[in-house]
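Notes to accompany the following structure.
The figures that follow rest on heavy atoms only: side chains count, while hydrogens, waters and symmetry mates do not.
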Amino acid sequence: MDQIESSPTLVPRSGPKDVFLHLLALVTLYTSAVSFIALLFSLIDTWFPDPLDFAVSISNNIRWSASMLIVMFPVYLIVVWIINRECVQDPARREIRARKWLGYLTLFLSAVTFIVDAVVLVYQLLGGEVGIRFVLKVLVVLAVAAVIFFYYFYDLKKRPGATV
């Protein structure tokens, strides 16, 4: 009985606000990532035109992707800032279920994107149909998926109370 029992840290329950903030963060992240990729794809198509492609809607694609990115990414940054501020104030909030589940969902989706993109690259390499536009687009998707994956991997592995 001389031993002092250490009480486990209580993990706050996920409330509607937590679910809202984390879902909003993920939706704006996914939209920003897709818009960024689409923007870079359109720029690649502009810089390396396909002589057999007669579509002229590239400027419309650039405008649409840029508009989405200009609105969505700042919203994502603000929401993540709010979430991180709450985690600094109460480090146990890093352990709430909504955050963990949605964080691991993001890890899963970015890993699947990375794997499928690599499969498409190998498939095209084996078919001998690889041009500069294709390689650049594959690299864009790989880079975006990798950045998202490693950010969320690091964020989920951070210990409660860590400030960095």
Side-chain angles (χ1 to χ4, degrees), residues 17-88 93-94 96-158 162-164:
K17 177 184 172 186
D18 298 312
V19 174
F20 167 76
L21 287 173
H22 285 85
L23 278 175
L24 183 61
L26 294 187
V27 167
T28 55
L29 171 67
Y30 299 158
T31 306
S32 297
V34 169
S35 298
F36 183 68
I37 289 169
L39 177 63
L40 290 180
F41 277 19
S42 295
L43 291 174
I44 289 168
D45 289 341
T46 301
W47 296 329
F48 301 97
D50 182 357
L52 300 177
D53 188 10
F54 298 109
V56 196
S57 65
I58 290 176
S59 65
N60 194 32
N61 291 344
I62 291 173
R63 260 192 4 230
W64 182 248
S65 299
S67 299
M68 293 287 286
L69 198 55
I70 288 168
V71 173
M72 291 293 192
F73 194 65
V75 172
Y76 170 73
L77 293 176
I78 291 167
V79 172
V80 168
W81 177 77
I82 291 169
I83 291 169
N84 286 336
R85 185 186 67 193
E86 288 181 356
C87 288
V88 167
R93 298 201 64 70
R94 296 189 55 71
I96 62 173
R97 288 183 121 181
R99 181 182 172 282
K100 292 284 188 176
W101 273 98
L102 295 172
Y104 279 107
L105 174 66
T106 300
L107 280 178
F108 172 74
L109 292 174
S110 58
V112 168
T113 300
F114 193 87
I115 292 166
V116 168
D117 198 47
V119 167
V120 169
L121 175 62
V122 170
Y123 176 81
Q124 292 291 1
L125 284 171
L126 293 174
E129 301 175 18
V130 178
I132 186 73
R133 287 169 48 151
F134 174 75
V135 170
L136 290 173
K137 289 177 180 182
V138 166
L139 291 176
V140 164
V141 174
L142 288 175
V144 170
V147 166
I148 291 170
F149 180 87
F150 287 113
Y151 172 78
Y152 275 86
F153 182 79
Y154 170 75
D155 189 54
L156 287 167
K157 295 300 175 189
K158 252 192 314 190
T163 57
V164 179

Measure the [atom1]-[atom2] distance between [X] and [Y] for me, rounded to the nearest 0.5 Å.
X	Y	atom1	atom2	value
Lys137	Ile132	NZ	CD1	12.0 Å
Leu26	Ser32	CG	OG	11.5 Å
Ser42	Ile37	OG	CD1	12.0 Å
Phe36	Phe73	CZ	CZ	9.0 Å
Ser67	Ile62	OG	CD1	11.5 Å
Asn84	Arg93	CG	CZ	12.5 Å

**OP:** Begin with the C-alpha distance, continue with both residues' side-chain angles, and end with the deciding distance and a verdict on side-chain contact (heavy atoms from CB on, under 4.5 Å) for Leu136 and Trp47.
**Re:** CA-CA 11 Å; Leu136 290 173; Trp47 296 329; over 6 Å; no
Subject >> Under-4.0 Å salt bridge between Glu86 and Arg99 >> reply: no
**OP:** Give a yes or no on whether a salt bridge exists between Asp18 and Arg97, defined as a side-chain N under 4.0 angstrom from a carboxylate O.
**Re:** no
Side-chain heavy-atom pair [X], [Y] within 4.5 angstrom cut-off:
X	Y	result
Leu105	Trp101	no
Leu107	Ile148	no
Ile96	His22	yes
Ile82	Ile78	yes
Tyr151	Val80	yes

**OP:** Begin from the C-alpha positions of Thr106 and Leu102 and carry the test side-chain contact (heavy atoms from CB on, under 4.5 Å) through to its verdict.
**Re:** CA-CA 6 Å; Thr106 300; Leu102 295 172; 5.5 Å; no
**OP:** State whether a side-chain donor-acceptor pair under 3.5 Å links Thr31 with Tyr76.
**Re:**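 No donor-acceptor contact under 3.5 Å links the two side chains.
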Original post:
So, is the end of the Arg85 side chain (NZ or CZ) under 6.0 Å from the ring centre of Trp81 and within 45° of the ring's axis?
Top reply: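 So Arg85 does make the cation-pi contact.
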**OP:** Describe, in one word, how the ring planes of Phe153 and Phe149 are oriented to each other, choosing from parallel (under 30°), tilted (30 to 60°) and perpendicular (over 60°).
**Re:**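 Correct class here is parallel.
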Which heavy atom of [X] sits nearest a heavy atom of [Y], and at what distance?
X	Y	value
Val138	Asp117	O-OD2, 2.8 Å
Lys100	Arg94	CE-O, 3.8 Å
Phe48	Arg133	O-CD, 2.6 Å

Original post:
Does the side-chain contact (heavy atoms from CB on, under 4.5 Å) test come out yes or no for Leu109 and Tyr30, once each step is laid out?
Top reply: CA-CA 10 Å; Leu109 292 174; Tyr30 299 158; 3.7 Å; yes
**OP:** For Phe108, look at atom CZ and say whether over 12 heavy atoms of other residues, nucleotides or ligands are found less than 6.0 Å away.
**Re:**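 No, because the 6.0 Å sphere around CZ of Phe108 holds 12 heavy atoms or fewer from other groups.
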Original post:
Does the pair Tyr123 and Val120 meet the rule for a side-chain contact (heavy atoms from CB on, under 4.5 Å), with working shown?
Top reply: CA-CA 5 Å; Tyr123 176 81; Val120 169; 5.5 Å; no
